[in-house]
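For clarity, every value in this text was computed on a predicted model and none was experimentally measured. Letters A, B, ... mirror the listed sequences (proteins, then strands); counts begin at 1.
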Number of protein chains: 2
Amino acid sequence: MQDGERRRSVTMRDVARQAGVGLATVSRVINGKPGVAPELVRRVTETARALGYRHDVTASSLRRADRRTATIALVLEDVANPFSSALHRAVEDAAREEGILVLAGSSDELPERERELIDAFTLRRVDGLIVLPTGSTDEQLAAVRGHGTPIVCVDRLVEIDRVDTVTVDNRDGTWSAVRRLRALGHRRIAFLGDLDSIWTARQRFAGFADAHAEAGRPVEERLVRRGLRSEEAAHAATTRLLTGGEPPTAVFAAQNLLTMGARRALQGLGVQEEVALIGFDDFPVADLLTPGVSVVAQDPATVGRTAARLLLSRVRGGDDHRPARHVVVPTRYVARGSGEIPPRT
Amino acid sequence: MQDGERRRSVTMRDVARQAGVGLATVSRVINGKPGVAPELVRRVTETARALGYRHDVTASSLRRADRRTATIALVLEDVANPFSSALHRAVEDAAREEGILVLAGSSDELPERERELIDAFTLRRVDGLIVLPTGSTDEQLAAVRGHGTPIVCVDRLVEIDRVDTVTVDNRDGTWSAVRRLRALGHRRIAFLGDLDSIWTARQRFAGFADAHAEAGRPVEERLVRRGLRSEEAAHAATTRLLTGGEPPTAVFAAQNLLTMGARRALQGLGVQEEVALIGFDDFPVADLLTPGVSVVAQDPATVGRTAARLLLSRVRGGDDHRPARHVVVPTRYVARGSGEIPPRT
DNA sequence: CTGAAAGCGCTTACAG
DNA sequence: CTGAAAGCGCTTACAG
């Protein structure tokens, strides 16, 4: 009993023998199927408990008609990043309601890593996949989808047959935030952005450009820093911009790590009260900084919940034939002070 | 090809038939086992690719001698909380090295929820479990462990046969931080703590008491607030303490959400520069607040990595007989200003 | 309502 | 080196 090592676990067969019934009856009782004599139900239940029977879900899904494993998988950029983990949690909650478990993995924005994860998950026959795609795996996603596995992509738009997406209004959110800066009188606005291969980075830059176009002003390329991958990179870029000639009077940081890096740079130069800053995506205690950091806030919980619902309805079957649906979740501007600073005159 | 619905997937049998070899040979080739004629290896590999064969890992583990599923599960308090998600990421990285996937779930500190998760995971025959235990599931953990599944508990100490633990030096970390406050001259130090059912909450309070005992002073119960479950609760408690008679000159918050709540309260009263604050567990941009928030920092990545290594070595077998090992990861005091404020005279 | 048989997709002795 | 057979733990027609 103590040495769990090589002990054969107790199977339905054991329970059947012990209870003096057929294997099929045990299966029916364990699965709560109707049409078994109450007396047998009692005997089987009792025996199973006495013997310490543990149902084997993987074996059962193998033989089961629908072949469902009651697991879905989540491919994120990094399970530890706040946006991803909030999304993860929302997916977990939606899955739990249907008794579905979730596997998760981090691609680190590497297509190769994303491919391996999708591969490993499908080899385990997960019932569905929610992926935050790097953008270089469309054919693989299409193939997996073609083989029958439902997929929902989050955060980034992809156009694949029967692959739903849940994204956020990156472009509009950015446009309206930058517009505010312009309304305050800012004319030299810097843009800090992530890798151009990332759909959201392109969308946010487009929104930035929109706000300039609307005012009939060209984007000043010298104030644009794209391809920034870390807080440190944003810190360095911001410091350089502010210590150069004709420095920006406002900074728009298109991602939360970049926002933190930019803010760190502003505080390093002691100008956090003079140079405006707006970030895309919220982060913890942004409101406790002085001044508070204004942001275009996303709603990762809604993104995750929506994605899970779309996925689970396809997994349940019935509506898996419907064409891809593309849901856009709105963002919300949160004014906390840093985005309300007028240009230094 | 487009309608993935009810299409039978291609099996090893199909590949065998098509390649004109036996089923066993296909299995050998797919699993990269030695001792198959090169010509057959080629033919099978080719045919498998041509037919779009996808190995079924769950079916294979069912028949396999070791019955391993190459998955482990993680039971956290909340996958979205920064400590948990950093730990999760470290576990994922260690597991990836061995081709192992990870399932994760959130207990929300509810024993019932934790039980359900452990149950669901073991029904899926995961190879091992890493759990951040609520503290009320010891018998279940012992039973699961007794049935053969390796388990490592993190963050909280439990004493179960052959269940390793990885914890942090909560008591010492707290003791030495509170000691610093005393050295600065603080005599009225408030303590904000989480639920008493949580092992770490008790340990941290013990460290708090140690620092008082060492100075021959009793803990002032009126300054102690335990059982706080949220940022809001900490906010309210702190506000009440500071606006009452003989207010504390320093606050020790024994958990990161509580630290944020306390800090929000201090800023609400405008006394963040006058009342000292030290928190247990770091949080993002704590250094960007004014003053920066001093903390006793934990190292979730090391906790996760260590736990994963302990678990995986037991999963690989060989050393699963060894008694439980209890690893303690050190904490580190990070001075940022708020903990260095002397008492108001 | 019940059970013996077949079989899910694979791996593993076993015999050649 | 190779393949036919048995079987992992279960579910599902099928016949009674």
Side-chain angles (χ1 to χ4, degrees), chain A residues 6-45 47-48 51-70 122-127 147-148, chain B residues 6-45 47-48 51-70 122-127 147-148:
Chain A
R6 296 288 147 224
R7 208 167 61 286
R8 224 181 105 281
S9 55
V10 9
T11 79
M12 276 195 176
R13 199 189 198 74
D14 301 324
V15 176
R17 195 145 32 203
Q18 182 70 229
V21 301
L23 183 55
T25 299
V26 178
S27 174
R28 290 187 189 105
V29 173
I30 297 292
N31 289 290
K33 295 216 173 139
V36 179
E39 159 61 8
L40 286 194
V41 172
R42 206 194 47 69
R43 220 154 80 211
V44 170
T45 316
T47 312
L51 259 44
Y53 171 73
R54 305 244 63 211
H55 192 55
D56 187 324
V57 175
T58 76
S60 106
S61 91
L62 179 61
R63 191 59 180 83
R64 176 165 262 128
D66 59 16
R67 305 268 351 236
R68 302 239 313 250
T69 56
T122 52
L123 290 182
R124 255 103 182 165
R125 301 295 189 267
V126 294
D127 296 334
H147 281 303
Chain B
R6 296 285 149 226
R7 207 165 60 284
R8 225 181 104 283
S9 55
V10 6
T11 81
M12 277 195 177
R13 199 190 197 75
D14 300 326
V15 176
R17 193 144 34 203
Q18 182 71 230
V21 300
L23 182 55
T25 299
V26 177
S27 174
R28 291 187 189 103
V29 173
I30 297 293
N31 288 290
K33 296 218 173 137
V36 178
E39 159 61 8
L40 287 194
V41 173
R42 206 194 46 69
R43 220 155 80 210
V44 169
T45 317
T47 312
L51 259 45
Y53 172 72
R54 305 244 63 210
H55 190 56
D56 187 323
V57 174
T58 76
S60 106
S61 91
L62 179 61
R63 190 58 181 84
R64 179 166 261 130
D66 59 17
R67 307 264 354 232
R68 302 238 314 250
T69 56
T122 51
L123 290 182
R124 255 105 182 163
R125 300 295 190 266
V126 294
D127 296 333
H147 281 302

For DNA chain C, please output the secondary structure as dot-bracket, reading 5' to 3'. Pairs are Watson-Crick or G-U wobble, both atom distances under 3.5 Å; mark crossing pairs with [ ], other-strand partners with |, unpaired with a dot.
|||.||||||||.|||
So, using side-chain hydrogen bond (donor to acceptor under 3.5 Å, both in side chains) as the criterion, who are the partners of A:T25 when residues are at least two apart?
none
Under 4.5 Å between any side-chain heavy atoms of [X] and [Y], yes or no?
X	Y	answer
B:I30	B:Y53	yes
A:T11	A:V15	no
B:S27	B:M12	yes
B:V57	B:H55	yes

Please report the interatomic distance OG(A:S60) to CZ(A:R68), rounded to the nearest 0.5 Å.
11.5 Å
Enumerate all atom pairs, one protein N or O and one N or O from nucleotides 6-10 of chain D, separated by less than 3.5 Å.
{"from": "D:dG7", "atom 1": "N2", "to": "B:R63", "atom 2": "NE", "distance (Å)": "2.6"}
{"from": "D:dG7", "atom 1": "N3", "to": "B:R63", "atom 2": "NE", "distance (Å)": "2.6"}
{"from": "D:dC8", "atom 1": "O2", "to": "B:R63", "atom 2": "N", "distance (Å)": "3.4"}
{"from": "D:dG9", "atom 1": "N2", "to": "A:A59", "atom 2": "O", "distance (Å)": "3.3"}
{"from": "D:dC10", "atom 1": "OP1", "to": "A:Y53", "atom 2": "OH", "distance (Å)": "2.5"}
{"from": "D:dC10", "atom 1": "OP1", "to": "A:D56", "atom 2": "N", "distance (Å)": "3.0"}
{"from": "D:dC10", "atom 1": "OP2", "to": "A:M12", "atom 2": "N", "distance (Å)": "2.7"}

For nucleotides 14-16 of chain D, give me every protein contact, N/O to N/O, under 3.5 Å, one pair per line with atom names.
none

Can you check the A:R68 CZ to D:dT11 P distance for me, whole Å?
15 Å
Between C:dT11 atom C1' and B:I30 atom CD1, what is the distance in whole Å?
13 Å
Sorted by chain and residue number, the salt bridge (Lys or Arg N to Asp or Glu O under 4.0 Å) partners of B:R17 (sequence neighbours excluded) come out as B:D14
Partners passing salt bridge (Lys or Arg N to Asp or Glu O under 4.0 Å) against A:R124 (at least two apart in sequence or in another chain):
none
Which is true for B:A24 with a 4.0 Å heavy-atom rule: it touches a base, it touches only sugar-phosphate, or it touches nothing?
base
B:L62 and A:A59: which non-hydrogen atoms are nearest, and at how many Å?
CD1-CB, 3.8 Å
Got a donor-acceptor contact below 3.5 angstrom from the B:D56 side chain to the B:T58 backbone?
yes
If the cut-off is 4.0 Å, is A:K33 near the phosphate of D:dT12, judged by side-chain N/O to OP1 or OP2?
yes
